[in-house]
Amino acid sequence: MKNKLKKIIHVSLKESALIEEDLINTFEIEINQSTQSDHGDFSSNIALKISGKANMKPLKVAEIISKTIQRPEWLRKIEVAPPGFINFYVDDRTKADLLISIIEQENNYGSFPANSQDSILLEFVSSNPTGPLHVGHGRHAAYGDSLAKILRKAGHTVSCEYYINDSGRQIDILILSVLVALINKKESLLTVPNACYQGSYIGSLTEVIPKQAITEINKLSLSDLKLKEADDDSEADALISIIKASIGESVFEKITGAVVDKMLKVIKSDLSNFGVEFDHWFSEKTMIKHSKIDLALQKLKTKKALFNKDGAAWLKTTDYGDDKDRVVLRDDGRSTYFASDIAYHADKKERGFDKLINILGSDHHGYINRLKGGLASMDFDPEDLEIVLMQFVTLYRGKKKVQMSTRSGEFIPMKELYEEVGIDAARFIYVNRSYDQHLDFDLDLAKEQSNLNPVYYIQYAHARISSVMKEIEKKGYKNDHGLGIKNIGYLDSKHESEIISMLQKYPDIIKTSAEQRAVNKLSNYLKDIAQLFHSYYGKQKFVIDEDETRNARVILLRCVSIVIKDGLSLLGVSAPSKM
RNA sequence: GCGCCCGUAGCUCAACUGGAUAGAGCAUCAGCCUUCUAAGCUGAGGGUUUCAGGUUCGAGUCCUGACGGGCGCGCCA
């Protein structure tokens, strides 16, 4: 429709000779869907744009263009409005075509042809398996999952991936925390070091330690341990070394395997119960096993991309806009986290994805140029990597801010949140705010007044439509699709044209939501269409004797229901038929 | 100090990447259920879009500066 109008205007611009023909293509002909019914169904601002070049007042230009246009049959009216907009009104036939196609396509309405776009690897959450996911991760999970669904609907091939940081110091500290908890289970002999994780989940992790390992742990000389106060990471490292030496690396490894495995199971089930599924779980440990990091470093060395300073190997990321150069290989020979990330992201590209999107917390913004530099050093286009920086979730209980820290165990798990406020409400609240906006999540409000959540407003619209349909059936009225289509002309009230126009917007919303990674555009759209429906519902009756009007309205309701249900499903929210 | 993000009604947020009269919910006030679900509808009040300049037919949106808030600036992950 928009393209048809664009062509019409283009022809008119040529014929009217308002501006030189060469200039015509320098202006993008914009067609907007009108927000208000008295602005027609579509409008164009082209007259405002070219008035300067045409040396005429915009209104005059608009009049000339609209007079030059050879009005096709399907355009009911063309109107000029100050300061120079041209408004288009389409005919009933066109509207009927739209409604017919929505009903035919059902949940495919608004979808773009698959594989018509780039293939995307979408990485999100990727929280270290050192603790359960908390409410902050919930935002990432809800947003990432919805974005993936929207991107797919917009025609992209998307693979969702979770990077498991299952190797390195943080994991060692997790094991240390579990071991301390295990020893303290019998009698509290050890002071829990500050560096350790301290949530209540640590205690339950002790249960997965293999029996054989427990006998080794029991042999530990507690006097060595008791003296240590591991308050920072390096002191924790020392303590870990002692334990590793006493019980043996392989036993320590076994414990690590069991604990991480258990932790991952918890994370996976929390996500899955929240409706978030990943296509692939990528293990850092496995990557190391396959020497991927060594190979990446080798490649950088061969390319002479690294330089030595203070005994370490550095990558000159300042060439790519980073603040400073970064170490990839420490003076003790161990590779850094950054080295893992270079190898990991190169691997993503090697797997053939056109575009890599990472959803990261806003505290990672300093990481963007570094990571792009890493990709570029590996001969990939840094433009292929896109980072979506998610702002923080601030948790409130009423007016009181809830402090959060994973280390100290002071956090509200994501699971607790969605079990209490409900998955639908939680997912909607998470996603209804733009990702670059801070989110204040008030637990009390979400729990106590969950009825006030906009998600119920949208779901209620869907339930009401289902209810009307049931009632029509109950009263024994005959549903006649053809009769409804024939009488689409009856849908000429303000409410009805506004709803039709809103329905028509859906594909555009999918497109912009996908392009701008703006999941909240979809959620806001759903609120808008629900609002139009509720207002319409208050004004009109649907269970009526008149066959023509009833069947026409039923078609409209079915379309609204289809779009709401599909939109909600993209957000991971259910569309109940009864509430 | 430097860098990134943000600032819209009393509160929480929209505004289709520059368009027409800046819109919703909550809260306040006034109405609407013997009739399809009142988790709803209708109406009222509430704004110098933090401030000061600039760009143009047109600015909440773009540019510059100030003020206010969040985050970051490790051979941590």
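- For the pair A/D322 CG and B/C4 C1', the computed distance is 13 Å after rounding to whole Å.
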Listed pairs, N/O of protein and of nucleotides 60-63 of chain B, under 3.5 Å:
none

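- Not one N or O on the side chain of A/N87 forms a donor-acceptor pair closer than 3.5 Å with the backbone of A/E79.
- Within residues 542-555 of chain A, the residues approaching RNA chain B are A/F542, A/V543, by heavy-atom distance under 4.0 Å.
- Taking the C1' atoms as reference points, B/U12 lies 36 Å from B/C76, given to the whole Å.
- Here, B/C67 and B/A52 have their P atoms 15 Å apart, quoted to the whole Å.
- Between A/Y457 and the phosphate of B/C41, there is a side-chain N or O to OP1/OP2 separation shorter than 4.0 Å.
- Figure legend. B/A14 is base-paired to no nucleotide; pairs are counted as Watson-Crick or G-U wobble with both atom distances under 3.5 Å.
- At a threshold of 4.0 angstrom between heavy atoms, the contacts of A/Y525 with the nucleic acid are absent.
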Quick one: which protein N/O atoms are closer than 3.5 Å to N/O atoms of nucleotides 7-10 of chain B? Pair and distance per line, please.
none

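- Listed by chain and residue number, nothing satisfies the salt bridge (Lys or Arg N to Asp or Glu O under 4.0 Å) test with A/K521 (two or more places apart in sequence, or in another chain).
- A/R464 places its CZ atom 9 Å from the P atom of B/U37, with the value rounded to the nearest Å.
- Among the nucleotides B/U37, B/U17, B/C41, the one closest to the side chain of A/M579 is B/U37.
- Ion pairing between a basic and an acidic side chain is recognised when a charged N comes within 4.0 Å of a carboxylate O; A/E161 and A/K348 show no such pairing.
- In this model, no donor atom of one side chain and acceptor atom of the other lie less than 3.5 Å apart for A/N358 and A/H364.
- The closest side-chain donor-acceptor pair between A/T512 and A/E515, if any, does not fall under 3.5 angstrom.
- Shown here, B/G65 forms a base pair with B/C51; the pair counts as Watson-Crick or G-U wobble because both key distances fall under 3.5 Å.
- There is no side-chain donor-acceptor pair under 3.5 Å between A/N128 and A/T130.
- For A/K527 and B/C13, the NZ to P distance is 11 Å, given to the nearest whole Å.
- Summarising the geometry, the separation between CD on A/Q540 and P on B/G40 is reported as 21 Å, rounded to the nearest angstrom.
- Remark: C1' of B/C57 and CD1 of A/I46 are 13 Å apart, rounded to the nearest angstrom.
- Remark: B/G74 base-pairs with no nucleotide; criterion is Watson-Crick or G-U wobble with both hydrogen-bond distances under 3.5 Å.
- Atom name P, nucleotides B/C33 and B/G70: the rounded distance is 50 Å, in whole Å.
- Between A/D41 and A/Q33, the side chains place no donor N or O within less than 3.5 Å of an acceptor N or O (distance only, hydrogens not considered).
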Next item on the list: Do nucleotides 71-77 of chain B as a string where each nucleotide becomes B, S or -: B if the base has a protein heavy atom under 4.0 Å, S if just the sugar-phosphate does, - if no protein is that close.
Entry: BSSSBSB

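- For the residue pair A/Y197 / A/Q170, a side-chain donor-acceptor distance below 3.5 Å is found, with atom types taken as modelled.
- For A/N32 and A/S43, the side-chain atoms include no donor-acceptor pair closer than 3.5 Å.
- The nucleotide B/A20 finds no pairing partner, because no Watson-Crick or G-U wobble arrangement with both distances shorter than 3.5 Å includes it.
- B/C26 and B/U64 have their C1' atoms separated by 38 Å, given to the nearest Å.
- Within the 3.5 Å criterion, the main-chain N or O of A/E496 finds a donor-acceptor partner in the side chain of A/S493.
- Nucleotide B/A38 is matched to nothing when pairs are restricted to Watson-Crick or G-U wobble geometry with both distances under 3.5 angstrom.
- Inspection of the A/S126 and A/E123 side chains reveals an N or O donor paired with an N or O acceptor under 3.5 Å.
- Using modelled atom types, one finds a donor on one side chain and an acceptor on the other under 3.5 Å when comparing A/H495 with A/S535.
- Here B/G69 presents its C1' atom at 12 Å from CG of A/D440, a figure rounded to the nearest Å.
- Distance, A/L532 CG to B/G25 C1': 16 Å, rounded to whole Å.
- Comparing B/C36, B/A14, B/C41 by their closest approach to the side chain of A/E471 singles out B/C36.
- Less than 6.0 angstrom separates the ring centroid of A/H134 from the ring centroid of A/H137.
- As rounded to the nearest Å, B/G10 and B/C6 have P atoms that lie 23 Å from one another.
- Salt-bridge annotation for A/K470 and A/E473: absent, with no side-chain N of the basic residue lying under 4.0 Å from a carboxylate O of the acidic one.
- Side-chain atoms of A/S111 and A/K153 include a donor-acceptor pair closer than 3.5 Å.
- Atom P of B/G58 sits at a distance of 47 Å from the matching atom of B/G31, rounded to the whole Å.
- In this model, no donor atom of one side chain and acceptor atom of the other lie less than 3.5 Å apart for A/Y163 and A/D341.
- Salt bridge absent: A/D508 and A/K511 never bring a charged side-chain N and a carboxylate O closer than 4.0 Å.
- Taking the six-membered ring for Trp, A/H534 and A/Y457 have ring centres closer than 6.0 Å.
- When both distances must be under 3.5 Å, the Watson-Crick or G-U wobble mate of B/C29 is B/G43.
- When only modelled atom types and interatomic distance are considered, A/D566 and A/Y506 share a side-chain donor-acceptor pair under 3.5 Å.
- Heavy-atom distances to RNA chain B give each of A/Y460 and A/K521 a nearest nucleotide, and the one nearer the 5′ end belongs to A/K521.
- Nucleotide B/C33 carries a syn base; the chi torsion (O4'-C1'-N9-C4 or O4'-C1'-N1-C2) is within 90° of 0.
- Comparing the P positions of B/G65 and B/G46 gives an interatomic distance of 37 Å, to the nearest angstrom.
- Summarising the geometry, the separation between OH on A/Y435 and P on B/C13 is reported as 17 Å, rounded to the nearest angstrom.
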Return the polar atom pairs (N/O with N/O) between nucleotides 18-20 of chain B and the protein under 3.5 Å, or none.
residue : atom : partner : partner atom : Å
B/G19   : N7   : A/N45   : ND2          : 2.9
B/A20   : N6   : A/S43   : OG           : 3.0
B/A20   : N6   : A/N87   : OD1          : 3.1
B/A20   : N1   : A/N87   : OD1          : 3.2
B/A20   : N1   : A/N87   : ND2          : 3.4

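- Comparing B/C62 with B/A24, their P atoms are spaced 24 Å from each other, to the whole Å.
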